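Read through the structure below, which is laid out as structure tokens, and then see the notes.
Note that this is a predicted model, so its numbers are computed, not measured. All values below come from the heavy atoms of this structure, side chains included, with hydrogens, waters and symmetry mates left out.
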Amino acid sequence: MRIQLLDNLTGKWSLQWIVTWFTLGAIALITGFWTTTDHTTLDWFYLAVALVGLVCVVSLSFRKNVLGNGFGILATAGEVGVQATSGAVGLMMAPLFNFFTHVYGLFYWSKNTDPDGNMVPKSATKWVWIGTLAFIAIGLALFPTVNNLLAEHGYAIIENDNKKFLNVIDFYWINVLVFVLFITAQATMILRYSFNWWIWLAANFVGLVVNLMSGNYIFAIQTMVYQINAIIGLYEWHRSEQKHHQ
């Protein structure tokens, strides 16, 4: 299905869209930073990492290898630093995983580009879909055990503090879900599967809940900005996939 507005935003209006999206996203992040934080050194670092992340994700949505994976390396390295300086040693695992996937993607994408230098996405067979869903299911099943083993050594990824979302769902399990979704979305994106953006849409939604419940408003704003980009990325990658497999 073709949507004229999205065709324009990913085609002849792409530069205008990128500039507009980044500018509004940066304004939202800076506003959130200025109104919800104490402007500490760590808060400034959070903001800087979030702004680098904007460049990364919009570049990835338009299949730009060096900008996307290059800034991805910087952004994830910054996120590792954020978690380390805030004492959340366990949460360093996700951005550390993403860091190495961006390093891999930098070389892997360069070998799979079109004449314009943009990465060519590939479609997934039903077995890739089944494998991905199985990975998510296995990850959710094994995570508590792995988390407990890490906790015994002082490196728990997520602390179970008995908080609940809407007084129904344990905050712990929401954290588990977003952790597994983020890693799965990242891996399928680096492997060039266009359906990765469906997973990012789900991951961003759950991530917004986590950030709001934990009071991390800068990254909550970032997640909403990312969600808009995920919609564009989904359309752009699928459009490119269809064009190269006709």
Side-chain angles (χ1 to χ4, degrees), residues 9-10 14-15 17-19 21-22 25-26 29 45-84 91-124 128 132 135 178-204 207 219 222-223 225-241 243-245:
L9 293 180
T10 57
S14 60
L15 180 59
W17 163 254
I18 291 170
V19 171
W21 178 86
F22 180 86
L29 286 171
F45 186 49
Y46 267 59
L47 177 63
V49 170
L51 290 173
V52 172
L54 289 184
V55 180
C56 166
V57 299
V58 74
S59 301
L60 291 172
S61 68
F62 282 89
R63 303 177 289 114
K64 305 297 183 183
N65 181 30
V66 175
L67 281 175
N69 285 306
F71 274 87
I73 291 170
L74 291 176
T76 50
E79 289 172 15
V80 171
V82 166
Q83 302 298 349
L91 286 178
M92 290 171 58
M93 292 182 64
L96 192 60
F97 170 84
N98 292 345
F99 173 86
F100 287 109
T101 61
H102 281 302
V103 172
Y104 174 74
L106 195 61
F107 295 97
Y108 177 57
W109 282 23
S110 66
K111 298 176 181 178
N112 298 275
T113 57
D114 61 21
D116 295 324
N118 299 323
M119 180 276 293
V120 177
K122 56 183 179 181
S123 57
V128 173
T132 301
F135 179 86
V178 76
F179 185 84
V180 174
L181 286 175
F182 268 47
I183 287 179
T184 307
Q186 177 73 13
T188 52
M189 179 182 66
I190 294 301
L191 292 175
R192 302 190 293 120
Y193 289 114
S194 58
F195 76 91
N196 81 86
W197 293 104
W198 287 110
I199 306 176
W200 277 120
L201 286 169
N204 288 333
F219 277 77
Q222 181 196 59
T223 302
V225 175
Y226 279 7
Q227 192 73 312
I228 297 172
N229 185 70
I231 296 170
I232 297 295
L234 176 65
Y235 193 82
E236 158 67 12
W237 280 44
H238 275 293
R239 188 181 72 158
S240 177
E241 173 198 325
K243 182 174 68 174
H244 287 92
H245 293 86

Exercise. Would you say the side chain of N118 lies within less than 4.5 Å of the side chain of T113, judging by non-hydrogen atoms?
Worked result: no

For this session: To the nearest 0.5 Å, tell me how far I228 CD1 sits from T223 OG1.
Result: 11.5 Å

Seminar exercise, completed: Between G68 and C56, the two heavy atoms sitting closest are O-SG, 3.4 Å

Problem set entry | W21 and V58, any side-chain heavy atoms less than 4.5 Å apart | yes

Problem set entry | Which atom of A75 lies closest to which atom of V49, heavy atoms considered | O-CG1, 3.7 Å

Exercise. Taking the six-membered ring for Trp, are the ring centroids of Y193 and W237 within less than 6.0 Å of each other?
Worked result: no

Exercise. Are the side chains of M119 and P121 in touch, meaning some heavy atoms are under 4.5 Å apart?
Worked result: yes

Exercise. Which atoms form the tightest heavy-atom contact between M189 and W109, and what is the distance?
Worked result: O-CZ2, 3.6 Å

Exercise. Of the options N196, I183, V128, which is the one that meets T188 in a side chain to side chain contact (heavy atoms under 4.5 Å, CB included)?
Worked result: N196

Exercise. Between CZ of F195 and CG of L234, what distance do you get to the nearest 0.5 Å?
Worked result: 12.0 Å

For this session: Show your reasoning for whether side-chain contact (heavy atoms from CB on, under 4.5 Å) applies to I232 and L9.
Result: CA-CA 8 Å; I232 297 295; L9 293 180; 4.0 Å; yes

Exercise. Which pairs count as salt bridge (charged side-chain N to carboxylate O under 4.0 Å, His left out) when at least one residue sits in residues 227-237, sequence neighbours excluded?
Worked result: R63-E236, E236-R239

Problem set entry | Close side-chain approach of L67 and F62, heavy atoms under 4.5 Å | no

Exercise. Within a strict 4.5 Å, meaning less than it, do heavy atoms of the F97 and T76 side chains meet?
Worked result: no

Problem set entry | Working for side-chain contact (heavy atoms from CB on, under 4.5 Å), residues Y108 and R192 | CA-CA 9 Å; Y108 177 57; R192 302 190 293 120; 3.3 Å; yes

For this session: Provide the closest heavy-atom pair for L191 versus K122 in the form atom of the first, atom of the second, distance.
Result: O-CE, 2.9 Å

Exercise. N65 side chain to G117 main-chain N or O, any donor-acceptor pair under 3.5 Å?
Worked result: no

Exercise. Under the side-chain contact (heavy atoms from CB on, under 4.5 Å) criterion, do W197 and S61 qualify, and how do the steps go?
Worked result: CA-CA 9 Å; W197 293 104; S61 68; 4.0 Å; yes

For this session: May I ask you to check whether over 12 heavy atoms, not counting those of F71, lie within 6.0 Å of atom CZ?
Result: no

Exercise. How far does CG of L29 sit from OH of Y46, to the nearest 0.5 angstrom?
Worked result: 13.5 Å

Exercise. Does some side-chain heavy atom of L181 sit less than 4.5 Å from a side-chain heavy atom of Q186?
Worked result: no

Exercise. Would you say I190 and N69 make side-chain contact, with heavy atoms under 4.5 Å?
Worked result: yes

Exercise. When rounded to the nearest 0.5 angstrom, what is the spacing between CZ in F99 and NE2 in H102?
Worked result: 10.0 Å

Exercise. Just how far is it from atom CG of N112 to atom CZ of F107, taken to the nearest 0.5 Å?
Worked result: 14.0 Å

Exercise. Does the side chain of L201 come within less than 4.5 Å of Y226's, by heavy atoms?
Worked result: no

For this session: Looking only at non-hydrogen atoms, find the nearest pair between L106 and G70 and report the distance.
Result: CD1-N, 4.1 Å

For this session: Identify the heavy atoms of A26 and L54 that sit nearest to each other, and give their distance.
Result: N-CD1, 3.7 Å

Problem set entry | Under 3.5 Å donor-acceptor, D114 side chain and V120 backbone | no

Problem set entry | From CA spacing to verdict: side-chain contact (heavy atoms from CB on, under 4.5 Å), I199, T132 | CA-CA 10 Å; I199 306 176; T132 301; 3.8 Å; yes

